[in-house]
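Below: the structure, in structure tokens.
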Number of protein chains: 2
Amino acid sequence: IVELLGVWKIYHMGRRGRITVEALRGVDLAVRRGEFLAVMGPSGSGKSTLLHLMGCLDRPTEGKVLFEGTDVSTMRSAALARIRNRRVGFVFQSFNLSPNLTALGNVELPMVFAGVPRRERLARARELLSRVGLRERERHLPAELSGGEQQRVAIARALANFPDLLLADEPTGNLDSETGHGVLSLLSETNVEGVTVVVVTHDPEVATAAKRRLRIRDGHIVEASDA
Amino acid sequence: IVELLGVWKIYHMGRRGRITVEALRGVDLAVRRGEFLAVMGPSGSGKSTLLHLMGCLDRPTEGKVLFEGTDVSTMRSAALARIRNRRVGFVFQSFNLSPNLTALGNVELPMVFAGVPRRERLARARELLSRVGLRERERHLPAELSGGEQQRVAIARALANFPDLLLADEPTGNLDSETGHGVLSLLSETNVEGVTVVVVTHDPEVATAAKRRLRIRDGHIVEASDA
Ligand SMILES: Nc1ncnc2c1ncn2[C@@H]1O[C@H](COP(=O)(O)OP(=O)(O)OP(=O)(O)O)[C@@H](O)[C@H]1O
Ligand SMILES: Nc1ncnc2c1ncn2[C@@H]1O[C@H](COP(=O)(O)OP(=O)(O)OP(=O)(O)O)[C@@H](O)[C@H]1O
Ligand SMILES: [Mg+2]
Ligand SMILES: [Mg+2]
């Protein structure tokens, strides 16, 4: 469903861009439809960068990203926007919730953009919030939620438009083991339903539940193992 | 060093405040000088709320918080500010870095407020960034840092003014196990140096390294165990 070919991501900093940070160095990766892939590696090794490229939220400096066989760089912005809104669900490492919308409003937001009628999106949003154990927090603003509650709202939001590809950046980092197990079950169930799931994680339990694992170090994929 | 007596924290929401969220319910807790205490519990159980009260960043709805025997509610704002800036180091669950300052600038900031001369604070900031493995990232803004790098900057910043009390809210949540071990060593060393450390964590390794553990559930302390 998504493929990276010879992908580099290089940041330039400092006056005249003389300082270079190579976040990804020549990455080749094919994610097959229906996979459940775990990405692990040290802090700063390039995992979030990789995930953003997969979700078409960012462009490579060199190389290509193919989404269902089409080179993302050749797509018009309307097509890209549709991919991001309807085909891909993204759980950000720092959640990126809209601060002025409630938990419910945040989960509804992608559906608003997709033109889903109000009654349907309210029902869907409430169902998703229940699945992450937050039905009683639906009226809270992000600032009125605990860290782990914000994380769960972000997960619910990512599933709102029935995406084909779910990209989750460390989705259990702020959760105790019981709540984390609940999220892991949700990811597994979603995968069983046919959604391709790529999860960046430091949690060995999440990695074990995935069907394939790969490790990143210094912007390179250094090992991959299949179940 | 800090004591909670009969502490309640109640949030009021909705029109006329008719919805009540009891984040903490009658908490009694004494943290002794030099302790290394781990606080665990489910997402939403009140851990961050507890930590904010300990660090004098928030006030209880009922009950008292004593800092070194003095009721915090009787302190003038200048005395409170001095506690927060020089006596307490706080690592926030969502980091709360200043977005317009570099990693170095963020670690320097508490020292600027404490009137530390420039040469001394630069040296201290660089030493702390090295200790968390981020010397090469000192010129990056928070948006140019990975999640785990931002977390480590927050940890370095909390130690800048040689606090007596270090309060860390899930400081390894975004870190792989090797980097997390580095942070845990730093917390242990800091405790050996005489700093009282209270860490909220979901990580069993961090909890094991602490000398005392307590659990929170639904705003109550439900169990405590000593080493
Ligand atoms: N400003 C607020 N208004 C209303 N409710 C709030 C507010 N802040 C926090 N809460 C609620 O208080 C409860 C405790 O929050 P707290 O942040 O202390 O939890 P926590 O134990 O740190 O959770 P986590 O492990 O997810 O970080 C949560 O259920 C949360 O929804
Ligand atoms: N805008 C930027 N400018 C410069 N460097 C950047 C920028 N964004 C990220 N980096 C650097 O690129 C590297 C990879 O970042 P990335 O966020 O992908 O790491 P990560 O593997 O997700 O780490 P973590 O586990 O800590 O979240 C990091 O070392 C980071 O400092
Ligand atoms: Mg990351
Ligand atoms: Mg918390």
Side-chain angles (χ1 to χ4, degrees), chain A residues 11-15 19 21 23 39-49 51 92-95 97 102 132-134 136-152 169-183 200-204 207 215-217, chain B residues 11-15 19 21 23 39-49 51 92-95 97 102 132-134 136-152 169-183 200-204 207 215-217:
Chain A
Y11 295 105
H12 298 281
M13 304 172 60
R15 276 168 299 215
I19 300 170
V21 178
V39 177
M40 307 180 85
S43 172
S45 55
K47 305 180 295 299
S48 295
T49 304
L51 220 65
F92 293 90
Q93 189 167 5
S94 55
F95 322 145
L97 299 179
T102 61
V132 295
L134 288 179
E136 290 177 15
R137 292 284 182 265
E138 71 176 41
R139 293 190 177 199
H140 287 233
L141 295 173
E144 297 165 338
L145 292 169
S146 77
E149 290 168 345
Q150 292 175 30
Q151 187 156 41
R152 286 181 273 158
D169 202 342
E170 300 187 35
T172 62
N174 282 277
L175 302 177
D176 55 286
S177 87
E178 189 174 339
T179 315
H181 287 148
V183 163
V200 169
T201 188
H202 294 309
D203 186 342
R215 283 200 166 273
I216 294 186
R217 177 176 290 281
Chain B
Y11 295 106
H12 297 282
M13 304 174 59
R15 275 167 298 217
I19 300 170
V21 178
V39 176
M40 308 181 83
S43 173
S45 55
K47 306 179 296 299
S48 296
T49 304
L51 220 65
F92 294 89
Q93 190 168 2
S94 56
F95 323 144
L97 299 179
T102 61
V132 295
L134 289 179
E136 290 177 16
R137 294 284 183 264
E138 71 177 39
R139 294 189 175 199
H140 287 233
L141 294 173
E144 297 165 339
L145 291 169
S146 78
E149 290 168 343
Q150 292 175 30
Q151 187 156 41
R152 287 180 273 157
D169 202 344
E170 300 188 33
T172 62
N174 282 275
L175 302 177
D176 55 287
S177 86
E178 188 174 337
T179 315
H181 286 147
V183 163
V200 168
T201 188
H202 294 308
D203 187 341
R215 283 202 165 272
I216 294 186
R217 177 176 289 281

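Chain letters run A, B, ... following the sequence lines, proteins first, then strands; residues in each count from 1. Everything quoted here is computed from the prediction, not taken from an experiment.
Shortest non-hydrogen contact noted between Q93(B) and G147(A) is NE2-CA, 3.5 Å. Scanning all heavy atoms of the two residues, the minimum distance from R139(A) to M13(B) falls at O-CE, 3.9 Å. Across every non-hydrogen atom of G173(A) and E170(B), the tightest pair is O-OE1, 4.0 Å.
Listed options D176(B), N174(B), I19(B), D203(B) were ranked by heavy-atom pairs under 4.5 angstrom with chain A; first place goes to D176(B). Between chain B and the options L134(A), L175(A), D169(A), heavy-atom pairs under 4.5 Å are most frequent for L175(A).
A 4.5 Å side-chain heavy-atom check between E144(A) and V21(B) finds every atom pair outside the cut-off. Side-chain contact between T172(B) and H202(A): absent, with no pair of heavy atoms (C-beta onward) separated by less than 4.5 Å.
Only the side chain of T179(A) comes within contact range of chain B, judged by heavy atoms closer than 4.5 Å.
Rounding to the nearest 0.5 angstrom, the gap separating the CG atom in L145(A) from the OG atom in S43(B) is 9.0 Å.
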